[in-house]
Amino acid sequence: MTSKSERLAVLSDVEQFALYGLPDFDDGQRLDYLSLSEQELTLACSRPSLHAQAYCALQIGYFKAKHAFFQFTWADAQDDCAFVLTRYFSAQAFAPQTITKHEHYAQRAMIAQLFSYRPWTAHFLPQLMQQAAQIVRRDVTPGFIVAELIAHLNEHKIIRPGYTTLQTLISAALSAERVRLGALLAEVIDAAAKEALAQLLVRDDTLSELAVLKQDAKHFGWRQMAHEREKRTTLEPLYWIAKALLPRLAISQQNLHYYASLADFYTVYDLRRLKPDQTYLYLLCYAWRRYRQFTDNLVDALGYHMKKLEDESKTRSNQHFITEQVRRQRETPQVGRLLQLYVDDTVADATPFGDVRQRAFKIMSPEALQTAAQRLSVKPAGKLALRWQVIDDLAERIRRHLRPLYVALDFSAIAPDNPWLAALTWAQGVFAKQQRLSQRLSQRPLAECHDATLPKRLRPYTDLRCRWDADRRACRSLRVLAIPPTQKALQVG
């Protein structure tokens, strides 16, 4: 029992039974696997006694089900034995007897030959070790290695070895992989990288830096996203170290995520107690994965706030447009009555203007009349103009939520001459210098703005011939980059 407990548990009890346990057929499976072909029945009937023939028939059915041989008693296979006896040996009296070891192994050899399988021998061990060494490069989880080894054995028609042999083989393959990675890490990781990784495990008052990095954002609020940007900035040097070193380790994405999950699983105390090369490996993989997660979170937040602000600006501009139309429709009859005063025959030309004005004030109050006059004296604002006015009102929220995300993310494009990429890069440079876009554009007018990012229908709202101090709305609207690049055109790195 002690030696068994010290072996690597590569399978759960259920998985172990599925591979090595005696098949437990239901009625349908029994009819499928214990229905023998002519060749199979001929082999079973070639055995010297009835109990040996029934035993051989059962072994054939069990081998078809699991490609393995089993040692069982008649009590273990009572229902299956009854099925075989009724179907193939109904005219004979059956007396269960113990199968000799010689008969058992003789049947195994003949059944394996019938199905063109080769019995397991130590001769196949180097081949299987080599296969296991390749598998662990793809996935180091024991269950996956077992499944791939069994598939390899079935493909080459080799009967699987015992469970302890698989345990020993997989343990050796995992140990060899750890040694390989440890040797590579010793070659590729320098003192600066070790110091940066060790810094994650330094405990301060309550939480280590690694524990802080493990905490996920609860929502896309400004403070939460500020913390995400800070954590991403902390991991950025390690991410670039990991990105340069991990390809040299020749490990799969699956293993990379697995090793990263171990850094999540272990506490800081546990990571300190591990071998240094294991700790470095787990932390490198964790830094690579976590940095990408932070980037994804920022991209999701960017999409969330863009959609929210776009929907809100559209809704509010539509409401303003409808309100303006309703107000104009409500004022139209009153304005019409006011105009009739100029053609009213009952009003003599000598009537003092004060009297006329008093009659006008009975139709509309002075305040309402002045407001209507101002509204009618200018061209009505269109939907697009109202949309930009709303965007101007949302400028503070855009600066608070969107601008930090645009500055933090690294954008790339499939087409190197993508105009939106050029515009974003330019804007990021302006923000990095703590400049306002209005200030920058006043110094370097449209020469720095790509024409493809300024549609003709929007040029009236971004025309830099306006006086920047007098027309602050247009300046602010341009400054917040109200028109985002499409996700199809740009990629976030």
Side-chain angles (χ1 to χ4, degrees), residues 10-124 127-128 143 146-167:
V10 299
L11 294 174
S12 66
D13 292 341
V14 174
E15 293 169 334
Q16 188 175 346
F17 177 80
L19 284 177
Y20 293 98
L22 187 69
D24 184 14
F25 292 149
D26 57 26
D27 292 339
Q29 293 170 328
R30 194 172 290 117
L31 185 62
D32 188 18
Y33 291 110
L34 294 178
S35 295
L36 305 181
S37 67
E38 184 177 349
Q39 283 184 312
E40 295 164 359
L41 184 58
T42 300
L43 173 59
C45 293
S46 68
R47 305 318 300 151
S49 59
L50 178 59
H51 67 276
Q53 293 173 4
Y55 190 88
C56 185
L58 292 175
Q59 282 283 29
I60 291 173
Y62 294 156
F63 187 84
K64 289 193 294 184
K66 291 194 174 182
H67 298 128
F69 294 110
F70 306 91
Q71 287 186 329
F72 56 90
T73 65
W74 296 110
D76 295 333
Q78 186 174 2
D79 293 338
D80 297 336
C81 182
F83 176 87
V84 168
L85 292 172
T86 302
R87 190 176 183 89
Y88 299 109
F89 309 102
S90 58
Q92 304 179 50
F94 177 73
Q97 298 181 23
T98 303
I99 300 297
T100 64
K101 186 176 293 186
H102 175 271
E103 177 64 21
H104 173 78
Y105 284 102
Q107 290 186 14
R108 287 179 53 165
M110 288 186 290
I111 293 172
Q113 185 178 6
L114 176 64
F115 290 99
S116 301
Y117 267 75
R118 292 173 289 176
W120 170 262
T121 64
H123 171 74
F124 298 115
Q127 174 186 347
L128 209 59
V146 171
E148 290 296 305
L149 289 178
I150 296 299
H152 174 79
L153 291 170
N154 289 337
E155 181 182 355
H156 292 81
K157 291 187 175 295
I158 301 172
I159 298 174
R160 71 180 70 112
Y163 180 53
T164 55
T165 301
L166 281 181
Q167 286 179 300

Counting only N and O atoms by type, is there a donor-acceptor contact under 3.5 Å from the side chain of [X] to the main-chain atoms of [Y]?
| X | Y | value |
| --- | --- | --- |
| R87 | L34 | no |
| H152 | E148 | no |
| D76 | T73 | yes |

What is the distance from atom [atom1] of [X] to atom [atom2] of [Y], rounded to the nearest 0.5 Å?
| X | Y | atom1 | atom2 | result |
| --- | --- | --- | --- | --- |
| Q16 | Q167 | CD | CD | 7.0 Å |
| L41 | Q53 | CG | CD | 9.0 Å |
| L50 | Q92 | CG | CD | 5.0 Å |
| I60 | S35 | CD1 | OG | 12.5 Å |

Listing request: all side-chain hydrogen bond (donor to acceptor under 3.5 Å, both in side chains) pairs with a residue in residues 108-122, at least two apart in sequence or in separate chains.
none
Restricting to non-hydrogen atoms, name the atom on [X] and the atom on [Y] that form the minimum distance, rounded to 0.1 Å.
| X | Y | answer |
| --- | --- | --- |
| I99 | A52 | CD1-CA, 4.0 Å |
| A44 | C56 | CA-SG, 3.8 Å |
| F70 | P23 | CE1-CD, 3.8 Å |
| P119 | I159 | CA-CD1, 4.0 Å |
| S90 | T86 | CB-O, 3.5 Å |

For Q97, enumerate each residue passing the side-chain hydrogen bond (donor to acceptor under 3.5 Å, both in side chains) test, keeping only those at least two apart in sequence or located in another chain.
none
Could you walk me through whether L58 and F72 pass the side chain to side chain contact (heavy atoms under 4.5 Å, CB included) check?
CA-CA 10 Å; L58 292 175; F72 56 90; 3.8 Å; yes
Stepwise side chain to side chain contact (heavy atoms under 4.5 Å, CB included) check, Y163 with V10:
CA-CA 9 Å; Y163 180 53; V10 299; 3.4 Å; yes
Compute the centroid of each ring, for Y62 and then for F69, and state whether the two points are separated by less than 6.0 Å.
no
Show your reasoning for whether side chain to side chain contact (heavy atoms under 4.5 Å, CB included) applies to D32 and F25.
CA-CA 10 Å; D32 188 18; F25 292 149; over 6 Å; no
Within a 6.0 Å radius of atom [atom1] on [X], are there more than 12 heavy atoms belonging to other residues, nucleotides or ligands?
| X | atom1 | value |
| --- | --- | --- |
| N154 | CG | yes |
| Q127 | CD | yes |
| Q78 | CD | no |

So the ring pair (Phe, Tyr, Trp, His ring centres under 6.0 Å) pairs with at least one residue in residues 76-107 (sequence neighbours excluded) are W74-F94
Does the side chain of I158 come within less than 4.5 Å of L128's, by heavy atoms?
no
Just jot down the salt bridge (Lys or Arg N to Asp or Glu O under 4.0 Å) partners of R30, sequence neighbours excluded, or say none.
D27, D80
What residues, two or more places apart in sequence or in another chain, satisfy salt bridge (Lys or Arg N to Asp or Glu O under 4.0 Å) together with D26?
none
Which residue pairs pass the salt bridge (Lys or Arg N to Asp or Glu O under 4.0 Å) test with at least one member in residues 38-67, sequence neighbours excluded?
E40-K64, R47-E103
Evaluate I150 against L166 for side chain to side chain contact (heavy atoms under 4.5 Å, CB included), listing each step before the verdict.
CA-CA 10 Å; I150 296 299; L166 281 181; 4.3 Å; yes
